[in-house]
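Quick notes on the structure that follows.
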Amino acid sequence: MNTGLFIFDTKERELKEVCAKNGFEVQIYCCGPTVYRDAHVGNLRTFLLGDLITRTLVFSGIAANLIQNITDVGHMGEDFDGNEVGEDKMLAQSKAESVDPFDIARKYEASFHRDLANLNVTPAANYPRASETIPLMLELISNLIKSDHAYVGSDGCVYFAANSFEGYGDISGNRLDALKPGHRYEYVDDGAKRFHADWALWKAAENRTQMIWDSPWGPGFPGWHIECSAMSLHFLDGNVDLHLGGIDLRFPHHENERAQSNSAAGYEVVENWVHGEHLLFEGRKMSKSAGNVVLLTDVIAKGLDPLSLRLCFLENRYRSQMDLTWDSLKAANTTLERWRGKYQNWKDSGDLDQKFLADFAEGSIADIKNDLDTPRALQQLRKLEKDELISGATKAACFEVMDQIFGLELLKGQAPKAELTPELAQLLDDRRVARLEKDFAKSDLLRDQLATLGILVKDTPAGQEWNWN
RNA sequence: GGUCGGAUGGCCGAGAGGCGAGGCUCAGGACUGCAAAUCCUGCUACACGGGUUCAAAUCCCGUUCCGACCUCCA
């Protein structure tokens, strides 16, 4: 079943129409978070991609089935210099916080869901946890061993034989022979792997005591890549119409996943590999060492609507690197407030032009269906905002329709203001009276005083208005 | 070294060979007692060198510079 939605496929390097192979529902898999810390705004950009696609499909009357995994085991870490620490990220954080690793996982999983809710992301159909799908992985690994795509190394770990999969490198453009030198890493031949590019499907526990499971190859834990193969094959019935993830996952994660899935299934499992570009913050890549990691809670703490972040993301194409700044977030926040205010004024004014509404929606959806060109769709909205020939009711209706996809809560009225203290109320009233008496020296003084107390006053033809700063 | 992207005005960013996107900032104006908000006006750019074309930001060739990934990452 065709959808009319075209998205750039990393493997074919061209736009491809999204299709529901099973004829009734688009099957989507999105690589989820490793829950050893809070997701930063860069992570959230990728997660928004899944929401944007699902909303677009659902808007067009097409069902979507989105699965997003929760990695709570097996993701190995490194230190900031890029040296392998060789420790599971979950266990490292568990030590750092002196908390059980599973409690760490649940804690950050909860904050992941809280962030998604704040960004108005429609929840996925299922968020399977790696730690709860071990049997699926064991079965997959067994199959890969049976078909000679995997082998047990001398160290008791199970490895995938990279050379056994013919199309290795098609997504990233990397070739196995070109990878050999290991530009950044000295390849250490420990003898366990048969080939330097092979990777672990199952790691032997050795000294590890937490987060380990029994397996036909002894106690241990799964490699990171196998989890996505196992889950996507199982939860999406062996067919993935769209596979989403950050650009950095293109290699090696998705390359390895594809090798595993295709080798097990015997056919091309993923129809379309979609990658979201990275986000910079104030011109630099976000990293702990650079100290510029920004969380959604930081945005909220600055008094900005979390949906300001959503608007910033929508104003940039998912496939281009974008530089997020506090200025752009503030600008987005202002825009949101303006739109919400205007919507309230528009909705009951004038006649609704059904024809215009239908044309407008069709045009905007066409932009979005063209490789998710939300910047262009938003530009249409800005143009409409300024168009004096269109009635308020029609503008409001257009905003309503488009907000089903943008998810910016444009229909929301002003948030109720927090209660004034009697002192502040008195100051405001004093100023009102001073203005009535045309004692402007006094009213200006009171305005300054209120400003230092966190209240912004402005005068309109209807009188004095105030807002918390 | 390999692979993949970029280079557009003060800043950020769209651009479909030919009537200059848009946003932010800034400056001037309107409205205000003054501010604020709002509205109006202004600020004309495509890295460099060739080529194709009646016409190039857009297509082709070359050059320079920048970024991402290369067995960590969204």
Side-chain angles (χ1 to χ4, degrees), chain A residues 10 13 30-34 39-50 75-86 89 162 169 171-185 187 193 196-200 224-225 244-253 255-256 275-280 283-288 311-312 315-325 327-328 330-332 334-335 337-338 341-342 367 370 373 375-376 378-383 385-386 388 435 438-441 443-444 447-448 451 456-461 464-467:
Chain A
T10 306
R13 303 182 214 296
C30 181
C31 283
T34 303
H40 57 61
V41 290
N43 301 314
L44 295 176
R45 187 185 187 200
T46 305
F47 303 151
L48 187 66
L49 185 55
H75 200 161
M76 309 308 275
E78 286 184 3
D79 66 19
F80 294 132
D81 298 324
N83 301 312
E84 193 165 329
V85 170
K89 291 183 179 199
I171 300 175
S172 62
N174 283 324
R175 316 284 350 159
L176 277 176
D177 47 10
L179 287 169
K180 202 178 294 177
H183 173 62
R184 263 169 66 191
Y185 296 85
Y187 166 59
K193 291 186 199 174
H196 66 90
D198 294 353
W199 63 92
W224 176 41
H225 311 298
L244 316 178
I247 188 68
D248 50 309
L249 296 184
R250 180 183 45 180
F251 186 88
H253 184 60
E255 207 69 79
N256 293 1
H275 291 102
E277 251 298 348
H278 268 167
L279 176 73
L280 306 179
R284 290 191 304 171
K285 184 174 171 174
M286 244 186 276
S287 68
K288 270 188 199 169
L311 178 54
C312 283
E315 280 184 308
N316 289 75
R317 198 75 165 275
Y318 77 98
R319 209 144 59 79
S320 65
Q321 246 179 43
M322 73 172 276
D323 184 17
L324 187 69
T325 62
D327 277 350
S328 58
K330 280 178 200 153
T334 308
T335 303
E337 281 177 3
R338 191 180 72 237
K342 286 194 173 179
D367 287 335
N370 175 25
D373 196 346
R376 201 183 174 91
L378 280 167
Q379 196 187 322
Q380 304 296 330
L381 212 60
R382 287 185 191 274
K383 216 161 140 191
E385 178 193 356
K386 298 203 165 161
E388 289 173 5
R435 286 195 74 240
K438 301 216 183 293
D439 186 350
F440 297 120
S443 77
D444 289 352
R447 180 166 61 200
D448 292 343
L456 282 182
V457 180
K458 62 179 178 179
D459 300 308
T460 72
Q464 169 180 289
E465 282 181 11
W466 66 273
N467 230 318

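Lettering of chains follows the sequences in order, A, B, ..., and the numbering in each one begins at 1.
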Give one of base, sugar-phosphate or nothing for Gly245(A), where a contact means two heavy atoms less than 4.0 Å apart. sugar-phosphate
Would you indicate what Arg45(A) reaches in the nucleic acid, counting non-hydrogen atoms under 4.0 angstrom: base, sugar-phosphate, or nothing? nothing
Using the C1' atom on both, measure C48(B) against C11(B) and round to a whole Å. 23 Å
Donor-acceptor pair, distance only, cut-off 3.5 Å: does the side chain of Arg45(A) make one with the backbone of Glu277(A)? yes
Work out how far the C1' atom of A21(B) is from that of A14(B), and round it to whole angstrom. 6 Å
List every contact pair, protein side and nucleotides 28-39 of chain B side both N or O, where the distance is under 3.5 Å.
unit_1: G33(B); atom_1: O6; unit_2: Arg435(A); atom_2: NE; d: 3.4
unit_1: G33(B); atom_1: N1; unit_2: Asp444(A); atom_2: OD1; d: 3.0
unit_1: G33(B); atom_1: N2; unit_2: Asp444(A); atom_2: OD2; d: 2.6
unit_1: C34(B); atom_1: O2; unit_2: Arg447(A); atom_2: NH2; d: 2.5
unit_1: C34(B); atom_1: N3; unit_2: Arg447(A); atom_2: NH1; d: 2.9
unit_1: C34(B); atom_1: N3; unit_2: Arg447(A); atom_2: NH2; d: 3.4
unit_1: C34(B); atom_1: N4; unit_2: Asp459(A); atom_2: OD2; d: 2.7
unit_1: A35(B); atom_1: N6; unit_2: Asp459(A); atom_2: O; d: 3.0
unit_1: A35(B); atom_1: N1; unit_2: Asp459(A); atom_2: N; d: 2.9
unit_1: A35(B); atom_1: N3; unit_2: Arg447(A); atom_2: NH1; d: 2.9
unit_1: A36(B); atom_1: N1; unit_2: Asp459(A); atom_2: O; d: 3.3

Please check: side-chain N/O of Lys89(A) versus main-chain N/O of His75(A), any donor-acceptor pairing under 3.5 Å? no
According to the Watson-Crick and G-U wobble definition with distances under 3.5 Å, which dot-bracket string, read 5' to 3', encodes RNA chain B, using [ ] for crossing pairs and | for pairs with another strand? (((((((..(((.....[...))).(((((.......)))))....(((((..]....))))))))))))....
Using a heavy-atom cut-off of 4.0 Å across all strands, would you classify His275(A) as base, sugar-phosphate, or nothing? nothing
Using atom P in both nucleotides, what's the gap between U58(B) and A47(B) to the nearest angstrom? 8 Å
So, do Lys438(A) and Phe440(A) sit near enough that their side-chain heavy atoms are less than 4.5 Å apart? yes
Contact class for Ser172(A) (heavy atom, under 4.0 Å): base, sugar-phosphate, or nothing? sugar-phosphate
To the closest 0.5 Å, what do you measure between CD (Glu315(A)) and CZ (Arg382(A))? 4.5 Å
In sequence, state the C-alpha distance, the side-chain angles, and the governing distance for His278(A) and Leu280(A), and then conclude on side chain to side chain contact (heavy atoms under 4.5 Å, CB included). CA-CA 7 Å; His278(A) 268 167; Leu280(A) 306 179; 5.5 Å; no
Between the base of U71(B) and the side chain of His253(A), is there any donor-acceptor pair under 3.5 Å? no
When rounded to the nearest 0.5 angstrom, what is the spacing between SG in Cys31(A) and CG in Asn43(A)? 12.0 Å
Mark yes or no for a side-chain to base donor-acceptor pair under 3.5 Å between Gln379(A) and A21(B), with no hydrogen or angle criteria applied. yes
When the P atoms of U8(B) and A57(B) are considered, how many whole Å apart are they? 15 Å
Quick one: label Leu49(A) by what it contacts on the DNA or RNA (base, sugar-phosphate, nothing), any heavy atom closer than 4.0 Å. nothing
